[in-house]
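Here's the structure, in structure tokens; my notes come after.
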Amino acid sequence: MSENHIKPMLPDIFTIPRDEKHPPMLLGGYCRHCNAHYFPKPRYCPRCLEPPELKEIGNAGIIHSLTVVRTKPPLGLPQPYSVGYVDLEKGSAGSGLRVFCLFDPESVDHLKIGQKVVLRVGPLGHDGRGDTRLRPYFKPVHENEEG
Ligand SMILES: [Zn+2]
């Protein structure tokens, strides 16, 4: 089955890549009034209560912390799987937010704090009723893959 037919786990969390030249991006909320980013996008800005706009907030960063979960996973996730926090890059392509996320299941035994990671989107787990869903996850960048 083509990934084009698999639905995202939730709407407005990430962009679905069209091709290699358009990598997936995390989507969050941006409040112009407060110049503040949020992930995921809240209904109202917690500072000023204006509704934030949906905005791309980044797709690369550094692992801040992580854990490996070896108990029976929810939602058809692989066993084991890893979750943690990634500090997104700042600047034009990134918000500098610290986001909670899944890591690449293939990399569970090779993840390190401080490691550079990039966002990927692919079929991972299901929706609770058995239908496969697209989920975002971060994959370590190896020096020879950068660029
Ligand atoms: Zn605000």
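Numbers here are sequence positions counted from 1. What you see is a predicted model, and the numbers here were worked out from it, not measured in a lab. Note that ligands are numbered from 1 as they come in the structure, with each ligand's atoms numbered from 1 the same way.
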(message) Working to the nearest 0.5 angstrom, can you tell me the gap between L66 CG and F103 CZ?
(response) 5.5 Å

(request) On the 0 to 90° scale, with breaks at 30° and 60°, tag the Y85-H64 ring pair as parallel, tilted or perpendicular. (result) perpendicular

(request) Consider only side-chain heavy atoms of I, L, V, M, F, W and Y, link residues closer than 4.5 Å, and tell whether L97 and V121 are in one cluster. (result) yes

(request) For D12, check salt bridge (Lys or Arg N to Asp or Glu O under 4.0 Å) against everything at least two apart and list the hits. (result) none

(message) Set out, in order, the CA-CA distance, both residues' side-chain angles and the distance that settles side-chain contact (heavy atoms from CB on, under 4.5 Å) for D131 and R133, then state yes or no.
(response) CA-CA 6 Å; D131 288 334; R133 286 290 183 253; 3.9 Å; yes

(request) State whether K21 and D19 are salt-bridged, where the test is any N-O pair (Lys NZ or Arg NE/NH1/NH2 against Asp/Glu carboxylate O) under 4.0 Å. (result) no

(request) With 2.8 Å as the limit, jot down which protein N, O or S atoms are around the Zn ion (ligand 1). (result) C31 SG, C34 SG, C45 SG, C48 SG

